[in-house]
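Let me begin by presenting the structure, written as structure tokens, before commenting on it.
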Amino acid sequence: MYNKLTLDDLDFAGNRVLVRVDFNVPLDEHGRVREFTRIKASLPTIHNIIDYDSPVILMSHFGRPEGKRVEKYSLKQIVPEVERLLGKDIQFAPDCIGPEVEAMTRALKPGDVLLLENVRFHPGESKNDPEFAAELAKMGDVYVNDAFGAAHRKQASIHAITKYFPSNAAAGRLMMRELRFLGRALINPKRPFIGVVGGAKISSKIETIDRLLPRVDKLLIGGGLAYTFTKAKGESIGDSLFEPDKLDKAKEILSRPDADKIILPIDSVAATDLDYGSERRTYLTREIPDGWRGLDIGREARAKYEKEIKAAKTVFWNGPMGYFEREPYASGTRAIARAMINLSSRGRIAIVGGGDTMAALHKFHLSGSMTHISTGGGSLLEFMEGKELPGVEALSDREKV
Ligand code: AMP
């Protein structure tokens, strides 16, 4: 990262600044933005450019429209929120490429902000298509990538586009902040270094667990994905979440010499179904009977995880410990959140990432005092695993400029 061009190296001089932001924010059922972290996180870069009296052109993806125009994924609906958070009116372009949109970018006055329509309305985005990237590149004179949350994707507005800005593709403030902080904290972490991984689907996390295990001193596992591991040990899990096609991989991980670093929840809060009124009981995880499913880590597991986190110097957490959206199953996730805040307040390093984990922190009103809440989900995991992020690697090198 330190060899990459940053916002502070760019020559603004009235240039149109094309900024790739990550405005992929969750909406509620009325189509209103219910979580603003990602928009807020991009404000320092936008304000900086406005301060330099340059026009700002923002581009982002939003949802998964799969290369077609789908109104429910129009970025138009977030315009009022961006205006409110930015404290100024912005303009909106009905597309992200084309001569009319380019004319709009050229008509911008110093400090004006224009948001382009969803880049994923075009199939070229996900294909990292150079021709689509060339069209996008016409919208700016210099390029800034501030979308840390999307930096692991090799897509046109992140990767192919930088070819058209060989000496002026720079990292924005948020990107710099994330990479500097995460690099310092995680590349050579203060030990004990503990990973906490949860969430429903083991399929989306097993590669992470695979690569994280050699790097951490302990790995605490919770959420639905714990049950495939429990099953892989030959134990019963009742009707808990289970992904049969990941069983062999889970077995392989558990048979490694360092598998003793993995800690699974000894007990679970289980229910017969997801209804609020349904009966709940705590079982040893290996004894959850048929007809019952584990929906949260149990009291003993909670105490064990709190103790492990308390003794750590660096903790990285991604994924809820249970079905936290329903209060009866929120205790495990809340306990981890509190232990992480506690760690932060003792000057140790607590790093949290991922959309669901962030949503949990907001629900518990516990997001204020964490050492670092990353805007990355997939990108954070890939960074942690030591992978190069295509969106960073593609930025201009300082020494070449
Ligand atoms: P993921 O997208 O895989 O990170 O999953 C996040 C979702 O998993 C959240 O909505 C949680 O409520 C849900 N979740 C976590 N643990 C469980 C569990 N034991 N059973 C069902 N859902 C769970």
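Just so we're clear, the structure is a prediction, and the values are computed from it rather than from any experiment. Each ligand, and each atom within it, is numbered from 1 in the order the structure gives.
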Just to be sure I'm reading this right: ignoring hydrogens, which of Pro320, Gly355, Gly322 gets closest to atom 14 (N) of ligand 1? Compare them by their nearest heavy atoms. Gly322
Residue set satisfying side chain to side chain contact (heavy atoms under 4.5 Å, CB included) with Ser344, at least two apart, ordered chain then number -> Ala350, Met370, Thr371
Which atoms of ligand 1 are found less than 4.0 Å from any heavy atom of Gly294? 18 (C), 19 (N), 20 (N)
Side-chain donor-acceptor pair under 3.5 Å between Ser167 and Ser396, yes or no? no
Using a 4.0 Å cut-off to any heavy atom of Asp356, which atoms of ligand 1 qualify? 1 (P), 2 (O), 4 (O), 5 (O), 6 (C)
Where on Leu225 is there a heavy atom closer than 4.0 Å to ligand 1, on the side chain, on the backbone, on both, or on neither? neither
N/O to N/O below 3.5 Å, does that happen between Lys201 and ligand 1? yes
Measure from NZ or CZ of Arg84 to the centre of the six-membered ring of Phe36 and say whether it is under 6.0 Å with the direction within 45° of the ring axis. yes
Below 30° counts as parallel, above 60° as perpendicular, anything between as tilted: where do the rings of Tyr283 and Trp292 land? perpendicular
Could you tell me how the ring of Phe324 sits relative to the ring of Phe364: parallel (under 30°), tilted (30 to 60°) or perpendicular (over 60°)? perpendicular
What residue and atom, counting heavy atoms only, is the protein's closest point to atom 1 (P) of ligand 1, and at what distance? Ala200 N, 3.5 Å
N/O separation below 3.5 Å, Gly224 to ligand 1: yes
Between Arg293 and ligand 1, which residue portion shows a heavy-atom distance shorter than 4.0 Å: side chain, backbone, both, or neither? neither
Treating Lys313 as the side-chain partner and Arg348 as the backbone partner, does any N or O pair qualify as donor plus acceptor under 3.5 Å? no
I'd like to know if Arg281 pairs up with Glu287 as an ion pair, taking the criterion as any Lys NZ or Arg NE/NH1/NH2 lying under 4.0 Å from an Asp or Glu carboxylate oxygen. no
Quick one: does Thr357's side chain have a donor or acceptor within less than 3.5 Å of a partner on Gly353's backbone? yes
With a 3.5 Å distance limit and no angle check, can you tell me whether Ser379 reaches the backbone of Phe148 through a side-chain donor-acceptor pair? yes
Counting from 1 in the order shown, the ligand 1 atoms closer than 4.0 Å to a non-hydrogen atom of Glu325 are 9 (C), 10 (O), 11 (C), 12 (O)
Distance filter under 4.0 Å to Gly223 heavy atoms, resulting ligand 1 atoms: 16 (N), 19 (N)
Among all protein non-hydrogen atoms, which one is nearest to atom 22 (N) of ligand 1, and what is the separation to 0.1 Å? Leu241 CD1, 4.0 Å
Can you list the ligand 1 atoms lying under 4.0 Å from a non-hydrogen atom of Lys205? 4 (O)
Under a 4.0 angstrom heavy-atom cut-off, which atoms of ligand 1 come close to Phe324? 12 (O)
heavy-atom search around atom 20 (N) of ligand 1 in the protein gives Leu295 CD2, 3.5 Å
